[in-house]
Amino acid sequence: MLDPDGETVAAGAASVEAVSDLDYVAEQAGTYVLAMATSSNTCSASIDNRYWSVVGDVPHFLGATPWMYFYVLDGVDAAMVSLRTDAPGETGTLIIRDPDGVEVFKEETGAATDRVTAQLPVTAENAGKVWSLRMTAASAGVCEDLTLTLGEGVAEALAADAARLVVEVE
C-alpha cells in the first residue's frame, strides 16, 4: 500500500495456503493506493473501509456488489457499460441508475447470453456527472465471477461513495 507521497506504508504476500492482512490507519489525508501483483494467478481484496475507489477499465467481482458510482465523461454523446459472466452457470444482473437516481438499465446474463451491454442514455444534461450501478443475482445460476467493462464514454473508475470517485481532471 502506497501513501499519498508514493511511499510504501504496508505490504504483504498471500499464497494458496495463507491470506495476507494489511491493517493500516492513514496518517495523512489523501489518496492511498493498494496494488496487487498476481502474475497469472488471481486474487481478491476485502476492504473494510467505508470509502474506496477502484481504478481500471475491466474490474472483476466475486459476487453481488453494493451500489457503486462511476463518471460519464463530459462532452460525450455515447457511453457504454457491460457485464460478462460464465453463463449459464455463473450469472448476474446489471442495474444502472442515471444521475437523478432513475433506473435506466436492468438486464441479466443467463442461458441466452453471457454478456449484457448498456448503451447509456447520455444527454448534454447528464454527461459529466456521476451515475451508479450494482450487480446482483440473476433469476438462475450462481452470482459469481462478474466482469464489468467500463467502456466508451465512461471514466475508468468506480467508488463506494460518489464523493470518493477518482476521475482525471485537466
Could you walk me through whether Asn126 and Val72 pass the side-chain contact (heavy atoms from CB on, under 4.5 Å) test, one step at a time? CA-CA 8 Å; Asn126 64 24; Val72 171; 5.7 Å; no
Do Val116 and Phe105 touch side chain to side chain, with heavy atoms closer than 4.5 Å? yes
Evaluate side-chain contact (heavy atoms from CB on, under 4.5 Å) for Val154 paired with Leu73, printing each intermediate quantity in order. CA-CA 6 Å; Val154 178; Leu73 301 172; 6.0 Å; no
Atom CD1 in Ile96, atom CZ in Arg134: separation rounded to 0.5 Å? 13.0 Å
Nearest heavy-atom pair of Ala13 and Ser20: which atoms, and what distance? N-OG, 3.3 Å
Under the criterion side-chain contact (heavy atoms from CB on, under 4.5 Å), I'd like the reasoning laid out for Thr136 against Ile95: C-alpha separation, chi angles, the key distance, then a yes or no. CA-CA 8 Å; Thr136 62; Ile95 306 165; 4.0 Å; yes
Do Val142 and Phe61 share a hydrophobic cluster, counting only Ile, Leu, Val, Met, Phe, Trp and Tyr and linking them when any side-chain heavy atoms are less than 4.5 Å apart? no
Spacing of CG belonging to Leu133 relative to CE belonging to Met68, to within rounding of 0.5 Å: 5.0 Å
side-chain contact (heavy atoms from CB on, under 4.5 Å) between Phe70 and Val130: does it pass, once the steps are laid out? CA-CA 6 Å; Phe70 67 97; Val130 176; over 6 Å; no
Do Leu146 and Thr85 have side-chain heavy atoms sitting under 4.5 Å apart? yes
Enumerate the side chain to side chain donor-acceptor pair (under 3.5 Å) contacts for residues 58-69, please, sequence neighbours excluded, ordered by first and then second residue. His60-Thr147
Could you tell me whether the side chain of Thr8 and the main chain of Ala10 form a donor-acceptor pair under 3.5 Å? no
Sequence neighbours excluded, which residues qualify as side-chain contact (heavy atoms from CB on, under 4.5 Å) partners of Ser139? Glu108
Could I get the full list of side-chain contact (heavy atoms from CB on, under 4.5 Å) partners for Thr91, not counting sequence neighbours? Ala87, Thr109, Ala138
Between the OH atom in Tyr71 and the CG atom in Leu150, the distance rounded to the nearest 0.5 Å is 14.5 Å
Pairs flagged by salt bridge (charged side-chain N to carboxylate O under 4.0 Å, His left out) wherever residues 6-28 is involved - sequence neighbours left out: none
List for me each residue that meets side-chain contact (heavy atoms from CB on, under 4.5 Å) alongside Thr117, sequence neighbours excluded, and say none if there are none. Met80, Ser82, Arg115, Gln119
Heavy-atom pair with the smallest gap, counting every atom of Ala137 and Thr93: O-OG1, 3.1 Å
Show every salt bridge (charged side-chain N to carboxylate O under 4.0 Å, His left out) that has at least one partner inside residues 78-106, sequence neighbours left out. Arg84-Asp86
Taking all atoms of both residues into account, what is the closest heavy-atom pair of Gly75 and Ala127, and its distance? N-CB, 4.2 Å
Which distance, rounded to the nearest 0.5 Å, do you find between the CG of Leu148 and the CG of Leu158? 6.0 Å
